[in-house]
Amino acid sequence: SFTDKSQEERVELLSKMVNTTEKGDLTPLYRAAQGGFTRVAELLIGSKADVEAVRSDTGRGPLIAAARNGHCSMVRRRVLLLQMGGGFRV
């Protein structure tokens with residue numbers, strides 16, 4: 001299963017599925033931001049993740065997911081904001 005894999009194996013799998021979605025239009029980038037996985041978010045963005053993708057039920061994007069889940073270091077570092085070219089939805 002996914003949870004049995006090493007961090008590197010997880011990143012590789014996520015990078016291959018960079019813009020896939022699950023219920024609610026959640027993308028790997030959204031999940032990485034939600035979980036505070038800064039390095040994974042950087043890799044996904046570098047792999048052309050859709051940084052404008054938002055949840056279908058809330059309209060919120062990855063930067064807001066990071067902030068709402070208390071991942072202040074990710075927001076402070078502006079990993080998502082800067083690499084998105086400043087574009088994000090609130």
Side-chain angles (χ1 to χ4, degrees):
S1 83
F2 187 77
T3 56
D4 295 330
K5 302 208 179 293
S6 70
Q7 180 77 13
E8 293 79 22
E9 290 172 313
R10 290 179 195 176
V11 169
E12 184 179 335
L13 285 171
L14 288 174
S15 294
K16 290 179 182 177
M17 305 180 312
V18 70
N19 286 313
T20 59
T21 59
E22 59 181 89
K23 185 177 179 181
D25 292 328
L26 300 178
T27 63
L29 178 58
Y30 186 93
R31 288 293 194 187
Q34 184 179 45
F37 300 109
T38 304
R39 181 69 182 129
V40 174
E42 290 171 335
L43 289 170
L44 289 167
I45 291 167
S47 296
K48 308 293 187 222
D50 181 2
V51 296
E52 296 292 329
V54 297
R55 286 181 62 150
S56 60
D57 58 345
T58 65
R60 294 184 182 125
L63 185 64
I64 298 304
R68 286 181 56 90
N69 287 284
H71 304 300
C72 298
S73 63
M74 181 181 275
V75 176
R76 259 194 308 276
R77 284 182 56 198
R78 294 180 260 168
V79 168
L80 298 175
L81 181 60
L82 290 176
Q83 292 184 359
M84 286 181 185
F88 66 95
R89 296 183 187 215
V90 289

Item to check | Cluster check Leu43, Phe37: I/L/V/M/F/W/Y, side chain < 4.5 angstrom | outcome: yes
Next on the checklist: Checking Glu22 against Arg31 for the side-chain contact (heavy atoms from CB on, under 4.5 Å) test, could you report, in this order, the C-alpha distance in whole Å, the side-chain angles of both residues, the deciding distance, and whether it holds?
Outcome noted: CA-CA 10 Å; Glu22 59 181 89; Arg31 288 293 194 187; 2.7 Å; yes
Checklist entry - Only one of Thr20, Val18, Asn19 clears side chain to side chain contact (heavy atoms under 4.5 Å, CB included) with Pro28; which? => result Thr20
Checklist outcome for this item: Heavy-atom closest pair (Ala33 atom, Pro62 atom, distance to 0.1 Å) is CB-O, 3.1 Å
Checklist entry - Could you give the distance from CD (Gln34) to CZ (Arg68), rounded to the nearest 0.5 Å? => result 10.0 Å
Checklist outcome for this item: One should read off an interatomic distance between Thr58 OG1 and Asp25 CG, to the nearest 0.5 angstrom, of 10.0 Å
Checklist entry - If you round to the nearest 0.5 Å, how far is CG of Leu44 from OG1 of Thr27? => result 8.0 Å
Next on the checklist: For Ala65, is there any backbone N or O sitting under 3.5 Å from a side-chain donor or acceptor partner on Arg60?
Outcome noted: no
Checklist entry - Can you hop from Val51 to Val40 via hydrophobic side chains spaced under 4.5 Å? => result yes
Checklist entry - Given the rule in the side-chain contact (heavy atoms from CB on, under 4.5 Å) test, do Ile45 and Leu29 qualify, once you have shown the distances and angles that lead to the verdict? => result CA-CA 8 Å; Ile45 291 167; Leu29 178 58; 4.0 Å; yes
